[in-house]
Amino acid sequence: MLWDVTAPANPPAATEPRAAAFFDLDKTVIAKSSTLAFSRPFFQEGLINRRAVLKSAYAQFVFMLAGADADQMDRMRAHITSLCAGWDVEQVNAIVEETLHDIVDPLVYKEATQLITEHKEQGHDIVVLSASGQEVVAPIATLLGANHSAGTRMVVADGRYTGEVEFYCSAENKAVAARELAEQYGYDLTASHAYSDSVTDLPLLEAVGHPTAVNPDRGLRKQAAQRGWPSLAFEQPISLRARFPTPSRAAVTAAGVGVGAVAAAGAAWWGLRRFRRGR
């Protein structure tokens, strides 16, 4: 069963099938890469060096500008998760906690917050699914008022990351996460919705009765047109605090655990920019 930080410890048994709205995070709800938003403090805290910055820059560049297919994502994951080996869990957790509100708050699309509100008014649960690390996904999901979330989870031993991945929440695994949560909480997937920007999320979109492309990459735009799926353009980042109540510090702290592969990529990308400016 997936570790779901936003879920209650003992969820009530569902009396009848319910609908959920599954949201990808980066470029669907958040205007930038959610982990890239934390890159500056990650670099400043010495979690990545210049050599790693240079090796990772191109992969992150492709991901940010053109999107990445499944093979590219797997290669990126394999390289970048190796950079996380030995990182201290508490240090990473503290960085995310200390910078979450100031960095993420302005990046959420207004259109996404409106859509989330509409789903809540219809009685739908909100679920955030992302390939980003759970330490980033879970706190942002809490800020959004989501019911549940799932992100990439790293293996931890003796308080440090081993560099191995326990669960990579991408591509087919996003659909796996959605199905497990649907079984656990009684969601009717045929009545549920899913939103994503990436063609790699086709399995998730195909798993629900109401798929929607949001700011789609080229591959997803083509698939959506062929299948008659609606396509939305989100363009207005706003302050999250203006749309949703801010949860307590304790709630956000409890949500921030672990580190995901893409977090290191974000740190690498920012570090390269800083390195080039200093030359």
Side-chain angles (χ1 to χ4, degrees), residues 2-7 9 25-26 29-30 32-53 56 60 77 80-108 128 130-146 148-169 239-241 244-275:
L2 292 174
W3 176 63
D4 179 18
V5 73
T6 56
L25 191 55
D26 298 350
V29 174
I30 303 294
K32 298 180 180 179
S33 164
S34 56
T35 46
L36 177 60
F38 293 93
S39 58
R40 181 172 182 173
F42 269 61
F43 186 81
Q44 289 176 328
E45 291 296 324
L47 293 179
I48 193 167
N49 59 29
R50 287 186 175 183
R51 181 178 180 184
V53 165
S56 303
Q60 177 66 0
R77 176 195 62 169
I80 294 185
T81 52
S82 68
L83 299 179
C84 303
W87 286 12
D88 183 87
V89 174
E90 292 186 2
Q91 181 186 12
V92 174
N93 202 30
I95 293 171
V96 174
E97 177 192 350
E98 290 169 5
T99 58
L100 178 68
H101 289 280
D102 291 338
I103 293 178
V104 174
D105 185 75
L107 300 180
V108 181
V128 176
S130 176
S132 294
Q134 186 70 14
E135 90 293 342
V136 171
V137 177
I140 294 176
T142 299
L143 290 177
L144 292 168
H148 312 290
S149 69
T152 294
R153 301 190 304 275
M154 297 286 286
V155 176
V156 176
D158 299 323
R160 294 183 179 274
Y161 305 107
T162 67
E164 298 175 337
V165 177
E166 178 184 351
F167 179 78
Y168 187 37
C169 194
S239 170
L240 187 60
R241 295 175 187 177
F244 298 115
T246 302
S248 67
R249 179 186 176 96
V252 173
T253 302
V257 178
V259 66
V262 188
W269 183 86
W270 185 88
L272 179 62
R273 291 187 61 193
R274 184 183 182 192
F275 173 69

Do Met154 and Val165 pass the side-chain contact (heavy atoms from CB on, under 4.5 Å) test, and can you show the C-alpha distance, the side-chain angles, and the key distance before you say yes or no? CA-CA 4 Å; Met154 297 286 286; Val165 177; 3.9 Å; yes
How far apart are the C-alpha atoms of Arg153 and Cys169, what are their side-chain angles, what is the distance that settles it, and do they pass the side-chain contact (heavy atoms from CB on, under 4.5 Å) test? CA-CA 8 Å; Arg153 301 190 304 275; Cys169 194; over 6 Å; no
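Separating the CD1 atom in Ile140 from the OG atom in Ser132 is a distance of 7.5 Å, to the nearest 0.5 Å. Interatomic distance, CG of Leu25 versus CD1 of Ile30, reported as 5.0 Å (0.5 Å rounding). Between atom CD1 of residue Ile95 and atom CD of residue Glu90 there is a gap of 12.5 Å, rounded to the nearest 0.5 Å. Rounded to the nearest 0.5 angstrom, Gln91 CD and Arg160 CZ are separated by 8.0 Å.
Shortest non-hydrogen contact noted between Ser149 and Val137 is CB-CG1, 4.1 Å. Residues Tyr168 and Thr152 approach most closely at CD1-OG1, 3.4 Å, considering heavy atoms.
Residues Val29 and Val128 fail the side-chain proximity criterion, which asks for heavy atoms closer than 4.5 Å.
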